[in-house]
Amino acid sequence: MKINSAVKLGTVATFAAVLLAACGSSSSSSSSSAAKDQTLNWMESSALPSMNISTATDVVSGETLNNTNEGLLRMGKNSKTHPGVAKSYTKSKDGKTYTFNLRKSKWSNGDAVTAKDFVYSWQRTVNPKTASQYAYLFAQVKNANAIMKGKKAVSSLGIKAEGNYKVVVTLTKATNYFPALVANPTFYPQNKSVVQKYGKKYATDAASNVYNGPFKLTYWTGTSDNWTLSKNSNYWNAKNVKLKKINFKTVKDPQTALSQYQRGKLDVTYLSGQQPKNYKNSKNYVVRQGASTFYIELNEKKQAILKNTKARKALSLAINRNQFVNKVLQDGSKVANGYVSTGLASYKGTDFAEAAKTTDGSSYNLAKAKKLWKEALKETGKSSVSLTLTADDTPAGKNATEFVQSQWTKLPGLKITNSNLPFKTRLSRSQNGQFDAVVSGWGADFADPISFLSLFTSGNSYNNGKWKSTAYDNDIDKANNQDANNESARWNDLVNAEKTLMNDQGIIPIYQQAKPQLVKSNVKGIIYFPTGANWDFSKAYIAK
């Protein structure tokens, strides 16, 4: 899942993610322990970009969708799936057919949530006309790839409704992480009549949508920095939802956010800069270790020199990541060993990031960087190069561009101009190829390395820099197809793919993100999981 700079797939067989309750609190409450005012005031560093299930791509949209909507399954304790709209499901012996039995539930407008809402939503997302960047997640569903290429009708997608309360999904092959996929917001239902009613205005503000989750969006203009969730009385499990309201407030300046937290205007705030160091001994200090990696993507289509492998390697080797993590961030983040985050996946006791680690992929060697850069200039017939480095306009984004600029300007003949933009603008320009180099972030949507690695296949819509490797494509293809049910072979395919990406420096990994927070001691039951949409507020409450 695309993540902003303020903040998006584990072993082939097991989930490696952890679940944390804020301040170690229990998720249960009673009327005697709960405060009268069940309002949570939550800080975000970037505004909400989208509420369109088919086209939303970032973690802020993901967490909002995860709390206002619900899929067949939900992600929960220990990052394992549990019943959502589907009260139960069965899987065929060959692993290719899933049958989901739905409970009777309602949309926020009173309409029944039916199997047809899932069929419509999935078809809408894979339809090429929708231009969903997340459509590739449906690749294992029968005919999805052909539909996305315009070679088959949308109606041929391997999902059908048997009556109103049974969904049958047919896969092209067994996919052991499929239950985790359907817990992802991209697989949530959509109300066809509502989508058609609002047309192009659908999901562009709070009123032009309906919701089937624990909360409903009651304030959001589509461009506002703040948005509000209110308890959804039509949710099937509403009796167990304690919070009445969640106020999301975008505060880009960390000192302003801290001040608001101290004055009681915020119950939860993210920390950055010197703040984590200053508050690490506070009882309210919590560090969220995420399955997310920040990296620099290079636009090989726009800048010819970036097609040169030596140039890309030089730019990577010139960055002292240890200095950035330990002296600049100081928030618990780690140097990235590669693209796939540490702790996400393991096989026979070996972490994926360690198994796929390369010599130079995320190392620091300024002397070697200068040598390679000079060779790249000579090979491309240039004496100097000017590049613009783009990132978000958040403190974290500005820290990244300023630090990388200071590192890259040590390379002879290289001039760097920084451009820090609002998250939504930066995301749009990245997707449209309007950049030279851009600081991006990705958080795993589910616990398998493919959630990271599929992004940089040559045809993936998230491959904004247009890096391409036949060997990489072949390894990902083997992992997804001929080796899909061979755990050892699939693991090796994915390890080889990561090594290819790093050895060719298709991207420049920088750090694996941690998210330090201050959480008021009376905020209980917040569930955090490192993959996907991150936050679940359905069991949260404010204690007395």
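Please read all numbers here as calculations on a predicted model, not as lab measurements.
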Practice task
Tell me yes or no: between the side chains of Tyr219 and Asn247, is some donor less than 3.5 Å from an acceptor?
Solution key: no
Exercise for the section: Specify whether Phe294 and Tyr511 have parallel, tilted or perpendicular ring planes, treating 30° as the upper limit for parallel and 60° as the lower limit for perpendicular. Expected result: parallel
Problem - Verdict with reasoning, Leu229 to Asn67, per side chain to side chain contact (heavy atoms under 4.5 Å, CB included) - result: CA-CA 8 Å; Leu229 307 189; Asn67 286 282; 4.1 Å; yes
Practice task
Evaluate the ring planes of Tyr177 and Phe446, with Trp represented by its six-membered ring, and classify them as parallel (under 30°), tilted (30 to 60°) or perpendicular (over 60°).
Solution key: parallel
Exercise for the section: Compute both the distance and the angle, then confirm whether Lys520 meets the cation-pi test with Tyr261: under 6.0 Å from the six-membered ring centre, within 45 degrees of the axis. Expected result: yes
Practice task
Could I get the full list of side-chain hydrogen bond (donor to acceptor under 3.5 Å, both in side chains) partners for Lys466, not counting sequence neighbours?
Solution key: none
Handout entry: NZ/Lys265: more than 12 non-hydrogen atoms of other groups inside 6.0 Å
Key = no
Exercise for the section: Could you give me the CA-CA distance, side-chain angles and deciding distance for Phe215 and Tyr235, then say whether ring pair (Phe, Tyr, Trp, His ring centres under 6.0 Å) is met? Expected result: CA-CA 8 Å; Phe215 303 93; Tyr235 179 53; 8.4 Å; no
Problem - No-hydrogen, no-angle side-chain donor-acceptor test under 3.5 Å, Ser50 and Asn52 - result: no
Practice task
Let me see the working for Phe352 and Leu453 under side chain to side chain contact (heavy atoms under 4.5 Å, CB included), right down to the final yes or no.
Solution key: CA-CA 12 Å; Phe352 184 90; Leu453 296 173; 3.9 Å; yes
Practice task
Go through the side-chain N and O atoms of Ser316 and Arg321 and say whether any donor and acceptor fall under 3.5 Å apart.
Solution key: yes
Practice task
Evaluate the side chain to side chain contact (heavy atoms under 4.5 Å, CB included) criterion for residues Trp42 and Asp267: first the C-alpha distance (whole Å), next the side-chain angles of each, then the deciding distance (0.1 Å), finally the verdict.
Solution key: CA-CA 6 Å; Trp42 187 273; Asp267 299 308; over 6 Å; no
Exercise for the section: Applying side chain to side chain contact (heavy atoms under 4.5 Å, CB included), run through Asp536 and Met75 and close with a yes or a no. Expected result: CA-CA 9 Å; Asp536 182 353; Met75 194 65 71; over 6 Å; no
Problem - side chain to side chain donor-acceptor pair (under 3.5 Å), paired with Tyr134, selected from Thr55, Asp445, Thr186, Thr57 - result: Asp445
Problem - Cationic N near anionic O, under 4.0 Å, Lys245 to Asp37 - result: no
Handout entry: Short side-chain donor-acceptor distance under 3.5 Å, Glu44 and Trp227
Key = no
Problem - Glu70 and Arg74 ion-paired at < 4.0 Å - result: yes
